[in-house]
Each structure stands twice: as C-alpha cells, then as structure tokens.
Amino acid sequence: MSFIGGDEFHIGVSAARYFFNAIGGQGNIAIIEGPATAPTARERLRGFHRVLREFPSLTLAGSACGHYQKPGGFEAMLTLLNSDAKIDAVIAANDLMALGALDALAQAGKRIPVMGSNGTVEAAQAIRDGRLLASVDYDGFKMGCIAMEAMLRHLQGGAIPKEILMPATIVHSGNVAPWLVSVEQRQPPEWNAVVGHR
C-alpha cells in the first residue's frame with residue numbers, strides 16, 4: 001500500500017554537499033562505497049558523484065568498496081592508503097564503513113575528516129568524541145514507527161501516501177544529542193512531522 005524509506009540519491013547528495021563544504025571545497029577525497037549489487041549503495045554513490053561535479057577544486061583520489069561492513073571499511077581504507085594517493089578526506093556510504101576507515105586511519109597514524117551515513121548510535125558517539133565529522137540520519141526505528149502507523153491508518157479506512165520518504169537530516173557535533181539515545185529509549189516520530197516534511 002505504501003513505501004516507507006529514504007531517498008538514497010538525496011541522502012548521497014545531502015551527505016556530499018555538507019561534507020564537501022565542511023572541508024572547504026578543495027583537496028583530495030576518497031570514497032568508500034557499498035556493494036554495487038545494493039540499490040542503496042548505487043544511489044548514494046551517484047549522489048556523491050553528482051555533488052563532486054559542483055566542486056571543481058575537489059579531486060577524487062580513489063574509491064574502494066567496503067561492502068557495508070566495518071571490516072570492509074577498514075580494508076577499503078587500507079587499500080586506498082596503500083595506493084600512495086594523497087587523501088585529505090573520506091566519505092563513506094554508511095557508518096560501519098566510516099568507522100572501519102577511522103580504525104584504519106588510526107592504525108596508520110593519520111587523522112583526516114571522515115563522514116558516514118545512517119546516523120547510528122556508534123557513529124553519533126564518534127561524532128561526539130570528535131572522531132567522525134558527520135553522518136546522515138537513516139533511522140530504521142522511525143521508518144518502522146511510520147510503517148506501523150501507515151498500516152493502522154489504512155486498516156481504519158484512512159488514506160495514506162503511496163510513498164513516504166524520510167527527511168535526510170545531517171547529524172553533526174551541534175545536533176548529535178538525540179542520536180546518542182539508545183533506540184529502546186526513543187520516542188516515536190509524529191506522523192505529520194514526517195509525512196508533511198516535504
């Protein structure tokens with residue numbers, strides 16, 4: 001009856017635009033991609049590349065697949081570091097890969113800006129601690145709440161949208177507090193705040 005999720009291309013665009021502006025719009029960036037078989041990974045990557053074209057002073061130093069996993073992000077970052085390319089910043093298609101990249105960078109004795117996506121608690125903690133620059137919220141808890149409410153509204157004879165896309169909220173040091181709360185302690189989102197956000 002309805003699709004509830006995120007606009008993956010918009011998530012990629014939002015993440016890249018925030019990140020590229022935050023690092024001053026210049027330098028050499030690396031991308032850690034999700035698997036090409038995942039539509040979410042393809043669309044986020046397409047969003048990264050779309051925004052990259054808006055920043056002529058940014059150079060793509062390299063790209064590697066981290067398979068949406070923390071160990072994969074670690075290995076992808078090591079591959080990029082071993083390529084001898086100059087890398088000033090890293091954007092990853094999800095938080096697990098971003099956190100893996102941070103571990104690889106720490107092992108190599110390097111500290112550069114890294115951004116992830118999904119707004120996980122672990123990523124929020126890394127943002128709070130100054131290790132991760134930012135993330136983009138992709139909250140499965142909120143999606144589940146909205147999906148349940150959509151189902152109940154439909155069963156009660158109410159109209160529901162054919163598609164409900166969650167807003168792509170940037171999570172950064174200035175607003176990270178709500179993402180530090182465990183999922184079990186979070187309050188369900190307001191229907192009108194989500195469905196009426198566009």
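Residue pairs that meet the salt bridge (charged side-chain N to carboxylate O under 4.0 Å, His left out) test with at least one member in residues 184-193, sequence neighbours left out, are Asp139-Arg186. Every pair passing side chain to side chain donor-acceptor pair (under 3.5 Å) that includes a residue from residues 25-39 is listed here, sequence neighbours excluded: Asn28-Asp88, Glu33-Ser63. The salt bridge (charged side-chain N to carboxylate O under 4.0 Å, His left out) contacts involving residues 54-67 comprise Arg17-Glu54, where partners must be two or more places apart or lie in separate chains. Residue pairs that meet the side chain to side chain donor-acceptor pair (under 3.5 Å) test with at least one member in residues 150-177, sequence neighbours left out, are Glu149-Arg153. Residues in residues 104-116 take part in no side chain to side chain donor-acceptor pair (under 3.5 Å) pair, two or more places apart or across chains.
From Leu60, atom CG reaches atom CG of Leu52 across 6.0 Å, with rounding to the nearest 0.5 Å. One distance of note links CZ of Arg44 with CG of Asn118; it measures 4.5 Å at 0.5 Å rounding. Residue Ile4 holds its CD1 atom at 8.0 Å from CD1 of Ile146, rounded to the nearest 0.5 Å. To the nearest 0.5 angstrom, Leu105 atom CG is 5.5 Å from Leu81 atom CG. Atoms CD1 and CE, from Ile112 and Met77 in turn, are 5.0 Å apart once rounded to the nearest 0.5 Å. Distance check: Asn94 CG to Ile11 CD1 gives 11.5 Å after rounding to the nearest 0.5 Å.
The 12-atom threshold is exceeded at CZ of Arg128, counting heavy atoms of other residues, nucleotides or ligands nearer than 6.0 Å. Shown here is Met148, whose CE atom has no more than 12 heavy atoms of other residues, nucleotides or ligands within 6.0 Å.
Residues Ala89 and Ile23 come closest through the heavy atom pair CB-CD1, 3.8 Å. Ser135 approaches Gly119 most closely through the heavy-atom pair OG-N, 3.0 Å. Residues Val121 and Ser182 come closest through the heavy atom pair CG2-CA, 4.5 Å. When all heavy atoms of Leu80 and Ala64 are compared, the closest pair comes out as CG-CB, 4.0 Å.
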Please set out all donor-acceptor pairs under 3.5 angstrom arising from side-chain atoms of residues 65-72, sequence neighbours excluded.
from, atom 1, to, atom 2, distance (Å)
Tyr68, OH, Thr40, OG1, 2.9
Tyr68, OH, Ala41, N, 3.1
Lys70, NZ, Glu122, OE2, 3.2

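Under the 4.5 Å side-chain heavy-atom criterion for Ile, Leu, Val, Met, Phe, Trp and Tyr, Ile160 and Leu155 are members of distinct hydrophobic clusters.
Applying ring-ring contact (aromatic ring centres under 6.0 Å, His included) to Phe55 and the options Phe19, Phe48, Phe20 leaves one that passes, Phe20.
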